[in-house]
Structure formats: structure tokens, C-alpha cells
Number of protein chains: 2
Amino acid sequence: MKVAKRQLIIDKALELIRKNGYRATGMRELAKAFSMEAPSLYNHIKSKEEILQETCFGMANKFIIALDEVNDIYFNGEEKLRMAIRNHIEILTSNLNATHVFLYEWQNLSEPHLSKFVELRHRYQEGYREIISTGEKEGVFKESDIKFATLTILSAINWVIEWYRPDGKMNPKEIADKLTDFILSGLKKEKI
Amino acid sequence: MKVAKRQLIIDKALELIRKNGYRATGMRELAKAFSMEAPSLYNHIKSKEEILQETCFGMANKFIIALDEVNDIYFNGEEKLRMAIRNHIEILTSNLNATHVFLYEWQNLSEPHLSKFVELRHRYQEGYREIISTGEKEGVFKESDIKFATLTILSAINWVIEWYRPDGKMNPKEIADKLTDFILSGLKKEKI
DNA sequence: TGCCTTACCTAACGTTAGTTAGCGATGAAG
DNA sequence: CTTCATCGCTAACTAACGTTAGGTAAGGCA
């Protein structure tokens, strides 16, 4: 039972944090969502930062594992990119609140967790860089500044969190496919 | 003299806010940067939020004016997009700290400024939507979900703030051009 | 000389933050 | 029936926040 309520608290915390920001989300406000007083929360969690840490590192793991799988299973660069983006969008859309914390609130981590987290982020970028590099070597992707392409791609797929609505007209897979098409082929009509 | 120091204070504030976040940046810390005590700041500024307001609305104006110009002067959709992105990157890279506040800290605005600001942001997006819509009607751009394309493009050009370094190897114009090429033509090699 | 403004100071206010201490009720286990 | 962990509570602490009040030294100007 304890573990269940703990998860409820964390979930609600993530929801509030996404809505108002980590610093603006107080323990008293969080407690109110459960008709409790703030100190009672500490029967379930160790501290406010514990929520932040668990979420940041938990999501980092999810993203990294999914990416490593792609790099292991698929060989073709284009296929790799398509699957990586599909996985990323899938994780992002099914963990909107947690992903927001992962993307934008990690700066509130205290040391040494902050440094550790930055390193994980770096590793994730590295994975994408590899994929693009693969596609380039295969002659399928243009010769491009790989760092540049990586960052641009990551920005596009992360921005999805800003406008995705679970009840919208596109489901995660459709978003991922459309995004991949856009990234691969751009906006311009192909010359005939 | 007073106006000069006021600007120095605001500039330093923006620098600190970009580094640590609006809420994490305190008046005492800001004052320390000038070897002053916190209350002395109030001889130069009215409040902490004044800095936020001035920056958010000031930057919004810059971006919107630049975009309106593009929509007035150029006719071709592709040219419009190229110039809009060039202007955007130019403003962004020459106001890194202020742009960060504009992009990520506006949520700390209090009402009614918050609503007003959101409306301005909306208008800026609208401008990009128009451009893409123009290119589509001309038959130069693919038939695409315009909202989707707009958001993806804006995310890519805004993400530049995350990795741009003034002493890096690409200057703003190069970044803008490369970004535009990427957005227009994508990552894949053109079929022969 | 006398005065007013500028720009700093110290002291302190009121609020809010995260958290701890310690107590009481409940309910399952031995 | 007793025991003991669970999970709430109130009270309160420390630290930090933005800001105000009120005072003082310096410099331009009548």
C-alpha cells in the first residue's frame, strides 16, 4: 500500500511541476491535492529533490535503453533513425509530465547528481550522433555537420511535448512518422 | 548616468537568470555583482518583475517587427522563410540572455501581463504559419500540416540558443542558412 | 552657504520555503 | 490482549525571499 500512495504522490507532483515549474511547486500545495498536510508527505518520500532525482534518472534510463536497443537491432541508418524517433516519441507521449521534468527541470538537481545527469544526457546525444553518422557513411544521408543535425533533430522531437495532446488527432506513431519524414525530406517539394 | 547603471543591472540580471533561472536568481545575489546591498537596487529598478516584463515584451517586439518586415518586403515563400529565419537567428544570437528569458521565463509573469504576452507569442507563430502557407500555395512547399511544420521549425530555430557559442565556428548567418537548408531539403540525399 | 537629489547603507518586515520533532489514532500480527 | 509499525496531525524551526523604512554621505546648483 505504501508504495502505491508514494507513486500517486510522485505522479501528482510531476503534474504540478509541469504546470507551474519545480521551484513554484510547494510541498503544501502538493499535500493539498491529497487533502493532507505538508509534513505528512514525508511519511512517503524522503525529500522534494528525491522526486526530481528519481524522475530525471528514471527517464534518462528509459530513453537511453530504447536508443541502445535501436542501435543493436537495426542496421540501416534510415531505419535506425526512424525507430529511434518512434521510440522517443512513444516514451515522451506516454510520460508527458515526467518528460517535462527530464527536459526542463533537471537544472534544479544538486551536485553531484547534476553532473551525473548531464553526462547521461550527453550519452543520449551521442547515440543520435552515431545514427546520423551511420546514415552518412552509407551515403543515404547528406554530408552534414553531424552535431548540427543531431541538435536540430533532438529539438524537433522534444518540442512535441509543447503541443502534443493525448486527445488530439495524431497518435504518437503518426507524429513520429510525420516528424521523421519531415526530418528526412524537408519541406520542399522534390524536384522532378 | 542613472539610465546607464540601470541597464547594467538589467543585463547582469538577465545573465544570472539565464544561468540559474528566474526564481533562483535573488536580488541579494544580483546586488552582490555590483558590490551593493539588495535594497540599493531599488534606486534603479522598480521591482524584480519589472526586469522580466521589460525583457519579455521588448524581445517579443523585436521578433515580431522583424517578421512583419519580412512579410511586407518579400513575396516568394521560400525567400520569406529564409529571411525570417535569418532575422530570428540574428536577434537570438545577439541577445542570448534576453532571448532565454523570452523563451523560457515568461511563465513567471503575473497577470495581466502573462495573458498579454501569450497573445504576442501566438501572433509570432501566426506569422510563420502565414509564410509556410504562402509557400504551400505557390506549390513550392509540400502539402503539409501547417501547424505541425510551424511548430517544428520554431523549435529548431529556438533550440539554437542551447548550443550557439559566440566564439564557435559558425556565425549567425551561416547557422540560419544551414538551418534553412535543413528545413527545406531535409537530411536525405536527393534521388537522382 | 544652504538645499535638494542621487545613491548608497542598515534594519527589519511579512511571507513562504522545505523540513523536523513529537504526538495520537488506527489496524494488522503475534 | 498486547505490540508495533503505519500514517496522519500540529507546532515550529531555519533559511531565504522581495521589499520598505529611514537614515547618511556626496555633489551639483541656487
Side-chain angles (χ1 to χ4, degrees), chain A residues 1-57 97 101 104-114, chain B residues 1-57 97 101 104-114:
Chain A
M1 285 301 130
K2 189 185 178 184
V3 64
K5 182 141 198 183
R6 193 186 121 92
Q7 200 52 55
L8 287 182
I9 289 174
I10 291 179
D11 287 348
K12 177 58 91 175
L14 298 181
E15 181 189 325
L16 292 175
I17 291 174
R18 182 172 173 221
K19 189 156 55 178
N20 304 320
Y22 177 76
R23 278 194 131 87
T25 302
M27 300 304 269
R28 285 164 178 86
E29 184 194 1
L30 176 56
K32 198 171 241 173
F34 294 91
S35 306
M36 290 187 351
E37 299 300 320
S40 304
L41 292 173
Y42 289 80
N43 287 314
H44 305 279
I45 58 166
K46 229 172 83 266
S47 69
K48 188 186 178 187
E49 174 151 347
E50 190 191 30
I51 297 173
L52 187 62
Q53 288 170 19
E54 222 171 279
T55 307
C56 287
F57 287 98
N97 298 329
V101 171
Y104 300 115
E105 305 286 2
W106 56 269
Q107 327 187 23
N108 295 297
L109 285 168
S110 64
E111 293 291 1
H113 311 97
L114 181 58
Chain B
M1 286 300 131
K2 190 184 177 183
V3 65
K5 182 140 198 182
R6 193 186 121 92
Q7 201 51 56
L8 287 182
I9 289 174
I10 292 179
D11 287 349
K12 176 58 91 173
L14 297 181
E15 181 189 324
L16 292 175
I17 291 173
R18 181 170 174 222
K19 189 155 58 179
N20 304 319
Y22 178 75
R23 276 193 133 87
T25 301
M27 300 304 269
R28 285 163 179 86
E29 185 194 0
L30 175 56
K32 196 171 244 173
F34 294 91
S35 306
M36 291 187 351
E37 298 302 317
S40 304
L41 293 172
Y42 289 81
N43 287 311
H44 306 277
I45 58 166
K46 228 172 85 263
S47 68
K48 188 186 177 186
E49 174 150 348
E50 191 192 28
I51 297 173
L52 188 61
Q53 288 171 19
E54 222 172 278
T55 307
C56 287
F57 288 99
N97 297 329
V101 171
Y104 300 116
E105 306 285 2
W106 55 269
Q107 327 188 21
N108 294 298
L109 285 167
S110 65
E111 292 293 0
H113 312 96
L114 182 58

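Below, chains carry the letters A, B, ... as their sequence lines are ordered, and counting in each starts from 1.
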Rounded distance (Å) that lies between atom [atom2] of [N] and atom [atom1] of [X]:
| X | N | atom1 | atom2 | value |
| --- | --- | --- | --- | --- |
| A:Lys32 | C:dA17 | NZ | P | 11 Å |
| B:Asn43 | D:dT20 | CG | P | 12 Å |
| B:Lys46 | D:dG18 | NZ | P | 16 Å |
| A:Leu41 | D:dT10 | CG | P | 13 Å |
| B:Arg6 | C:dA7 | CZ | P | 13 Å |
| B:Ile45 | C:dT6 | CD1 | P | 17 Å |
| B:Ile51 | D:dC17 | CD1 | C1' | 15 Å |
| A:Glu29 | C:dT19 | CD | P | 15 Å |

From the options [options], select the nucleotide whose nearest atom is closest to the side chain of [X].
| X | options | result |
| --- | --- | --- |
| B:Met27 | D:dT19, C:dT19, D:dC9 | D:dT19 |
| A:Pro39 | C:dA7, D:dA21, D:dA11 | D:dA11 |
| A:Met36 | D:dC9, C:dC9, C:dC8 | D:dC9 |
| A:Ser40 | C:dG18, D:dT19, D:dG8 | D:dG8 |
| B:Arg28 | C:dA12, D:dC9, C:dC8 | C:dA12 |

dist A:Thr25:OG1 -> A:Ile51:CD1 (nearest 0.5 Å) comes out at 9.5 Å
Nearest 0.5 Å, what's the NZ-OH distance between B:Lys46 and B:Tyr42? 11.0 Å
Whether B:Lys5 contacts C:dT6 is assessed here as follows: a side-chain N or O lying under 4.0 Å from the phosphate OP1 or OP2. Is that the case?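 For C:dT6, neither OP1 nor OP2 has a side-chain N or O of B:Lys5 closer than 4.0 Å.
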Below 4.0 Å: OP1/OP2 of D:dT6 and any side-chain N or O of A:His44: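 Indeed not, no polar side-chain atom of A:His44 lies that close.
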Heavy-atom pair with the smallest gap, counting every atom of B:Ile10 and B:Glu54: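 The answer is CD1-OE2, 3.6 Å.
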Nearest heavy-atom approach of A:Ile45 to A:Arg6 is CG2-NH1, 4.1 Å
Are B:Lys32 and B:Glu29 close enough for a salt bridge, meaning some N to O gap below 4.0 Å? no
On DNA chain D, compare the nucleotides closest to A:Glu37 and B:Tyr42; which residue's is nearer the 5' end? A:Glu37
